[in-house]
Amino acid sequence: MWLYLTLAPSWVAAQPIQIRDDRGTEHRLSAPPQRIVTMLPSLTETAWVLGAGSRLVGVDRYSNWPAEVAKLPHLGGLDDAHIEAIAALKPDLILASASSRAMERLEALGFSVVRLKSESHADVHRTLDLIARLLGNPDEGSRVWARLAREIDAEASRVPASLRGQRVYFEIGGGPYAAGTTSFIGETLARLGLANIAPPDLGPFPKLNPEYVVRAKPDLIMGVQREQSALMARPGWNALAAVRERRLCGFETPQYEMLIRPGPRMGEAAGLLADCLARLGTTATR
């Protein structure tokens with residue numbers, strides 16, 4: 001028995017890791033990776049929270065949380081990844097978006113590229129579990145997801161009853177894309193008790209004609225702060241009560257980046273939404 005207990009940890013660590021990514025590609029690793037490149041901010045944040053900070057050797061150009069990643073090489077974006085620079089780092093794992101075309105060159109060079117998508121809460125949960133397995137900590141993904149679920153539920157309790165059921169337009173950047181009902185943002189908004197002007201059949205991040213938004217008459221408008229001061233100047237938007245009455249949630253860039261990243265800070269992001277809704281609820285009762 002003593003011999004079994006002594007050898008068990010090394011036996012477990014030696015087991016190969018096998019996963020299927022969101023492009024349907026099977027990956028088999030002989031051991032947890034030690035040199036990891038992440039090519040999406042949400043994947044950088046996920047890997048870090050799951051304990052892989054010391055194993056990160058490079059990140060994409062937009063990764064900026066936590067602050068420690070500023071010291072790492074920044075290696076381009078979805079479609080203009082710095083292939084030669086990534087190859088020179090000799091990563092044994094690259095985490096990337098399922099939609100990144102640039103990764104095909106790295107796959108052709110023999111690198112292990114795990115492609116992931118995180119459009120919904122279910123996607124985020126699956127990504128957490130999959131990366132945790134790759135890192136050799138298979139239970140950690142579910143623990144992080146359980147924490148996120150608790151945090152979002154706690155923030156939902158802070159939303160004023162007067163705002164529950166209100167219809168929201170969450171603008172991505174300066175438009176014309178929106179966070180739809182089936183997106184991770186839309187699902188968080190629903191958990192907070194809000195409805196969405198973009199129905200499920202339009203997909204997670206639909207492209208909306210500005211006239212569609214005017215006709216939909218959202219009760220609340222959310223988005224990046226720098227765009228909200230110009231809403232009145234958009235044709236027809238001054239007819240929207242949400243614009244005239246300033247029922248707006250505008251977020252500065254660091255906060256907005258947190259909101260649009262499907263990863264381990266979604267509970268904190270729900271807190272930002274709840275903060276604004278609480279302020280709007282207080283204003284409405286005056």
Side-chain angles (χ1 to χ4, degrees), residues 42 117-127 145 148-149 151-228 230-231 234 236-251 255-263 265-281 283-284:
S42 59
K117 72 180 182 76
S118 297
E119 295 177 343
S120 67
H121 279 191
D123 290 338
V124 175
H125 189 178
R126 185 180 65 255
T127 294
W145 177 254
L148 292 178
E151 291 172 351
I152 294 172
D153 287 343
E155 299 302 340
S157 68
R158 299 175 50 223
V159 176
S162 61
L163 295 183
R164 294 187 178 276
Q166 296 280 289
R167 297 169 66 251
V168 62
Y169 166 55
F170 190 105
E171 185 172 83
I172 301 297
Y177 292 93
T181 303
T182 59
S183 70
F184 67 93
I185 300 169
E187 289 176 334
T188 295
L189 291 169
R191 293 271 289 272
L192 297 180
L194 300 178
N196 198 311
I197 68 164
D201 60 326
L202 293 183
F205 296 101
K207 185 177 182 179
L208 299 183
N209 187 302
E211 294 179 2
Y212 177 99
V213 180
V214 173
R215 291 196 303 270
K217 297 179 180 178
D219 302 301
L220 308 167
I221 297 175
M222 299 179 172
V224 64
Q225 179 64 48
R226 66 176 180 271
E227 296 291 336
Q228 297 219 330
L231 293 182
R234 297 182 183 180
W237 285 51
N238 58 354
L240 292 175
V243 175
R244 294 197 314 272
E245 299 170 15
R246 308 300 294 174
R247 295 201 295 270
L248 309 173
C249 290
F251 303 95
Q255 297 175 318
Y256 176 75
E257 288 177 345
M258 185 194 304
L259 286 164
I260 63 171
R261 292 178 181 176
R265 294 194 291 162
M266 289 199 316
E268 194 174 345
L272 293 176
L273 297 170
D275 287 344
C276 182
L277 294 170
R279 288 195 299 271
L280 291 176
T283 301

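Residues: numbered from 1 along the sequence shown.
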Asker: Measure from the side-chain N and O atoms of Arg265 to the backbone N and O of Met258, and report whether any donor-acceptor pair falls under 3.5 Å.
Answerer: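 Not a single qualifying donor-acceptor pair exists.
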Asker: Is there a donor-acceptor pair under 3.5 Å between the side chain of Tyr256 and the backbone N or O of Gly173?
Answerer: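 Between the backbone of Gly173 and the side chain of Tyr256 there is a qualifying donor-acceptor contact (under 3.5 Å).
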Asker: If every non-hydrogen atom of Pro160 is compared with every non-hydrogen atom of Gly281, which pair is closest and at what distance?
Answerer: CG-CA, 3.9 Å
Asker: Determine whether a donor-acceptor pair (N or O, by modelled atom type, separation under 3.5 Å) exists between the side chain of Glu187 and the backbone of His121.
Answerer: yes
Asker: Of all the heavy-atom pairs spanning Ala270 and Thr188, show the shortest one and how long it is.
Answerer: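 Looking at all heavy atoms of both residues, the shortest contact is CB-CG2, 3.9 Å.
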Asker: In Å and rounded to the nearest 0.5 Å, what is the CG to CG distance from Leu192 to Leu163?
Answerer: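 Leu192 atom CG to Leu163 atom CG measures 11.0 Å (nearest 0.5 Å).
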Asker: Could you check if a side-chain atom of Gln228 sits within less than 4.5 angstrom of a side-chain atom of Phe251, using non-hydrogen atoms only?
Answerer: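 Contact flag for Gln228/Phe251 side chains = no.
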Asker: Would a distance-only check, ignoring hydrogens and angles, find a side-chain to backbone donor-acceptor pair under 3.5 Å from Arg191 to Glu155?
Answerer: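 Checking the backbone N and O of Glu155 against the side chain of Arg191, no donor-acceptor pair under 3.5 Å is found.
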Asker: Carefully, step by step, assess Leu194 and Leu277 under the rule side chain to side chain contact (heavy atoms under 4.5 Å, CB included).
Answerer: CA-CA 10 Å; Leu194 300 178; Leu277 294 170; 3.8 Å; yes
Asker: Would the distance check show the side chain of Thr181 and the main-chain N or O of Gly186 forming a donor-acceptor pair, the cut-off being under 3.5 Å?
Answerer: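 No.
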Asker: List the steps and the verdict of side chain to side chain contact (heavy atoms under 4.5 Å, CB included) for Tyr177 and Lys207.
Answerer: CA-CA 4 Å; Tyr177 292 93; Lys207 185 177 182 179; 3.5 Å; yes
Asker: Checking Tyr212 side chain against Ile197 main chain: does a donor-acceptor pair fall under 3.5 Å?
Answerer: yes
Asker: Hey, are the side chains of Thr182 and Ser120 touching, using non-hydrogen atoms and a 4.5 Å cut-off?
Answerer: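 The answer is no, as the side chains (C-beta and beyond) never meet within the 4.5 Å cut-off.
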Asker: Just how far is it from atom CG of Leu248 to atom CZ of Arg279, taken to the nearest 0.5 Å?
Answerer: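 So the gap between those two atoms works out to 11.5 Å.
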Asker: Does Leu273 reach the side chain of Phe170, with side-chain heavy atoms less than 4.5 Å apart?
Answerer: yes
Asker: Report yes if some heavy atom in the side chain of Ile221 is under 4.5 Å from a heavy atom in the side chain of Trp237; otherwise report no.
Answerer: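 Yes, side chains in contact.
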Asker: Measure the spacing between CG of Leu189 and CD of Gln166 and express it to the nearest 0.5 Å.
Answerer: 12.5 Å
Asker: For a quick test of reading the model, state the closest non-hydrogen atom pair linking Ile152 to Gly267 and the distance between them.
Answerer: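 Nearest pair, atom of Ile152 first, then Gly267: CG1-CA, 4.1 Å.
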Asker: Using a cut-off of 6.0 Å, state whether more than 12 heavy atoms not belonging to Arg226 lie near its atom CZ.
Answerer: no
Asker: To the nearest 0.5 angstrom, please state how far the CG atom of Leu272 sits from the CD atom of Glu268.
Answerer: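 CD of Glu268 is found 6.5 Å from CG of Leu272.
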Asker: I'd like to check Arg158 versus Asp275 (side-chain heavy atoms, cut-off strictly below 4.5 Å). Are they in contact?
Answerer: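 Yes. Closest side-chain heavy atoms under 4.5 Å.
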Asker: Would you call Ile185 and Ile172 a side-chain contact if the rule is heavy atoms closer than 4.5 Å?
Answerer: yes
Asker: Could you tell me if Ser42 and Ser118 have a donor-acceptor pair between their side chains, going purely by distance under 3.5 Å?
Answerer: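 No pair is found: no donor N or O on one side chain lies under 3.5 Å from an acceptor on the other.
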Asker: Tell me, do Leu280 and Cys276 make a side-chain contact under 4.5 Å, heavy atoms counted?
Answerer: yes
Asker: Rounded to the nearest 0.5 Å, how far apart are CD of Glu211 and CZ of Arg234?
Answerer: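 Output value for this atom pair is 13.5 Å.
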